[in-house]
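Every number for a ligand or one of its atoms is a count from 1 in the order of the listing.
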Amino acid sequence: MADKKEEQPERIIDHPHRRPQGIGTRPPRVDNLKETLWKIWSYMAHEKKLFFLVIIMVIISSVLSLLGPFLLGVSVDHVIETQERDTLLFLLLFLVFIYFFQSAATWLQNFWMIHIAQNTVYSMRKKLFSHLQHLPISFFQTYKHGELMSRLTNDIENVSRTLNTAVIQFATSLLTILGTIGMMIWLSPLLTLLTLTVVPFMYFGMKWITNRTGPYFREQQKELGKMNGYVEEMFSGHTIITMFSQEERVIQEFKEKNERLKKAGFWAQTYSGFIPKLMNMLNNVSFAIIVGGGGLLALKGGMVTIGVIVTFTTYSRQFTRPLNDLANQFNMILSAVAGADRVFQIMEKDIEQKDEEQATDVNAIVGEIEFRSVYFSYEEDQITLEDINFHVEPGSTVALVGPTGAGKTTIVSLLSRFYDPDKGQILIDGKDAKQITRKSLRDQMGVVLQDSFLFHTTIRENIRYGNLAATDKEVVEAAKSANAHEFITRLPDGYDTVLDSDGKGISHGQRQLLSIARALLANPSLLILDEATSSIDTITEIKINDGLKTLMKGRTSFVIAHRLNTIRNADLILVLNEGKIIEKGNHQELMMVDGFYADLVRSQQGNVS
Ligand code: ADP
């Protein structure tokens, strides 16, 4: 029934490992990079001290990783020069210590960072979930459930994974590269220049490959998304497919999609498979350049020592690998930030309007309702309800009748204060509804929808949802009054039967009986009933009607009626069309008028028994 007012957010299919890797790849786009980073930082508020310690550890481990190869070179030179064993042993022992401390520092930084990441995403999840509980229903009509689930789980998990690993690795890679280049220049600018000659080849080689893989990877993701959607649709529509004998066509369509995915995947993987080979080859070339070039420099009047060559061979490896990783880590961070941005966007959605300042709680409602010249529209240029006027005595039953889209649900939404009128007034027990807090009003209202939601728990708990303080005995009493007791006790596990959230295992009519029991337990002063449209067997229907009668006794009830034969006894029937009340009265009065309602009754008499 919802018009999709807001733009539908794009479906998120995020498979970082399937993306092209390395330098030269296009980083993901993040619109509010600075603000989002700032917001993530604010979630790490309690962890700032620990984060500072992590940074120190990152610096220590990076410095130690520079010191190791340097000492190795010094040891080699020392042996060549002095042939001395003791100092060499000392240097090598020192080297072992350095590597040990480097590992310890890396371990510590990981350990602390995991702590920070888990705490950060814990608070993000908590805040997002509690925010979702306070969003207006219009929000849930706009966003798909899968979309919200994806944000609660995937996007936040992505932030966690990135904080756990990528952030530290990125900082370490950056420090290592800068430090290594610095050390190399300090040791021998000439040999540094020779070592760096491979870098442009790496850069352009990678760029060449990723330019080719990029479109295939995008194609692969697109095809994968399409295929997932298709499979999902085929599963949910399986009954229809079988009924219409469309199995062969479905298999053929799937085959075509599968074929396209295979083709895209083949080329994406083939090209990207070259990347490690290219890097390996260029690493070996750089090795040869250092040894060859360094050897020449050493021979030419000792411009470098053998130790320096040894140091350089390690440094060159230490520096090309992070160079490649850097791009991946950067992309990973950006993709996590983009995910976090999506999460924050939801968190910034307006919470349901605040109650007016002078609004007070109501403890009990007698049930006198009046709509006074109520106007309402969802969209600015289109009036949904126009000049609605009616008055309801406490304890009476009001039926809302009219074609789909006439405004029946909207009247009920206004009464529940999910929206407020643009003009006019709604009076509850003579008091302006705006003067009553939303929560206390809804506490007095009970709703039985034709598709009442059942939670994935026992029947007993599902009924108890109406009043959490109810005892087991009261639950059974409510079920008895709702005519649900009989079918419940016939189930193998009785009241302990666990239901699926989509209510599998019990019939549509039985679901309604449960929701009647739930409403009975809640004991509301005001009732809203959305009458079932789907056909229910006659026996269950009689039970439902009986249950409803018990439920409606003494309470002001609004029934959204689909079948007119069930509302003959209503005290007031409001006939709506295109947002206006066109007829008003009880069944006899309206039949006498012989207008829209009488036509509707006559047209349904042919269809409904
Ligand atoms: P009924 O219950 O009689 O079928 P509704 O009250 O659901 O009718 O809808 C009345 C009109 O308001 C329809 O034209 C419908 O499209 C529109 N409408 C209902 N809900 C929304 C919404 N959340 N946003 C925008 N328009 C809506």
Side-chain angles (χ1 to χ4, degrees), residues 1-9 132 134-145 147-148 346 349-353 369 371 373-390 392 397-424 426 433 438 442 445-453 512 515 526-534 557-567 570 572-585 590 595-597 599-601 603-604 607-608:
M1 67 171 189
D3 269 3
K4 303 287 179 271
K5 264 202 273 195
E6 288 173 51
E7 192 185 315
Q8 282 286 343
L132 284 174
H134 295 108
L135 284 170
I137 41 166
S138 56
F139 171 84
F140 293 94
Q141 290 169 348
T142 315
Y143 274 84
K144 288 189 195 140
H145 290 176
E147 192 59 44
L148 292 175
I346 292 188
K349 292 265 175 216
D350 283 341
I351 292 194
E352 195 169 35
Q353 280 173 309
I369 308 289
F371 271 52
S373 302
V374 169
Y375 285 77
F376 176 76
S377 46
Y378 291 103
E379 317 271 356
E380 267 179 22
D381 49 353
Q382 166 209 333
I383 293 181
T384 310
L385 289 181
E386 198 176 335
D387 197 20
I388 301 292
N389 287 288
F390 63 88
V392 184
T397 300
V398 186
L400 301 167
V401 179
T404 309
K408 304 181 291 289
T409 314
T410 309
I411 288 194
V412 165
S413 301
L414 288 179
L415 188 62
S416 326
R417 295 208 55 212
F418 285 119
Y419 306 96
D420 281 327
D422 299 333
K423 237 167 58 182
I426 297 173
R438 285 183 176 78
R442 285 178 202 157
M445 294 177 85
V447 186
V448 180
L449 300 175
Q450 54 168 306
D451 234 343
S452 266
F453 189 81
Q512 275 235 316
S515 65
L526 258 179
L527 254 186
I528 291 167
L529 305 169
D530 191 1
E531 201 189 53
T533 42
S534 49
S557 314
F558 282 77
V559 184
I560 299 181
H562 303 285
R563 276 180 292 176
L564 303 179
N565 56 343
T566 58
I567 53 152
L572 176 66
I573 299 173
L574 301 175
V575 185
L576 283 147
N577 195 22
E578 295 179 354
K580 283 184 264 213
I581 295 181
I582 51 168
E583 285 168 25
K584 184 155 61 165
L590 292 181
F596 196 89
Y597 177 78
D599 276 349
L600 271 180
V601 172
S603 73
Q604 284 207 357
N607 307 327
V608 184

ask   = Going through the distances and angles, do Tyr419 and Thr410 end up as a side-chain hydrogen bond (donor to acceptor under 3.5 Å, both in side chains)?
value = CA-CA 9 Å; Tyr419 306 96; Thr410 309; over 6 Å; no
inquiry  = Under the rule for ring-ring contact (aromatic ring centres under 6.0 Å, His included), what residues qualify as partners of Phe596, not counting sequence neighbours?
reply    =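 Listed in chain order: nothing, the list is empty.
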key: Residues that Tyr597 engages under ring-ring contact (aromatic ring centres under 6.0 Å, His included), provided they are two or more places apart   =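 By the ring-ring contact (aromatic ring centres under 6.0 Å, His included) rule, Tyr597 matches His587.
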ask   = Is there a donor-acceptor pair closer than 3.5 Å between any side-chain N or O of Lys584 and the backbone N or O of Asn389?
value =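 Side chain of Lys584 to backbone of Asn389, a donor-acceptor pair under 3.5 Å: yes, one is there.
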Closest to atom 2 (O) of ligand 1 among Thr409, Ile560, Asn577 (heavy-atom distance) =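 When every heavy atom of Thr409, Ile560, Asn577 is considered, Thr409 comes closest to atom 2 (O) of ligand 1.
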message = My understanding is that we take every heavy atom of each candidate and find the minimum distance to atom 13 (C) of ligand 1. Doing that for Gly405, Ser377, Gly402, which one comes out nearest?
response =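 Ranked by closest heavy atom to atom 13 (C) of ligand 1, first place is Gly405.
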key: Within-cut-off N or O pair, Lys408 and ligand 1, under 3.5 Å   =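 Yes.
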key: Any N or O of Thr404 closer than 3.5 Å to N or O of ligand 1   =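 In fact, backbone or side chain, Thr404 has no N or O that close.
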inquiry  = Could you check whether Arg438 makes a cation-pi contact with Phe418, meaning its NZ or CZ is under 6.0 Å from the centre of the six-membered ring and within 45° of the ring axis?
reply    =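 The answer is no, since Arg438 fails at least one limit relative to Phe418.
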ask   = Counting from 1, what ligand 1 atoms have a heavy atom of Thr410 closer than 4.0 Å?
value =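 Under 4.0 Å from Thr410, ligand 1 has these atoms: 5 (P), 6 (O), 9 (O), 10 (C).
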request  = Using a strict 4.0 Å cut-off to heavy atoms of Tyr419, name the atoms of ligand 1 that fall inside it.
outcome  =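 Here the atoms of ligand 1 in question are 23 (N).
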ask   = Which of these passes side chain to side chain contact (heavy atoms under 4.5 Å, CB included) with Tyr375: Ile388, Asp387, Leu385, Thr384?
value =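 Running side chain to side chain contact (heavy atoms under 4.5 Å, CB included) over Ile388, Asp387, Leu385, Thr384 with Tyr375 returns exactly one hit, Asp387.
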query = What do we get for Phe376 next to ligand 1 when only non-hydrogen atoms under 4.0 Å count, side chain, backbone, both or neither?
reply =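 Neither; no heavy atom under 4.0 Å.
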query = What part of Thr384, side chain from CB on, backbone N/CA/C/O, both or neither, has a heavy atom under 4.0 Å from ligand 1?
reply =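 Side chain only.
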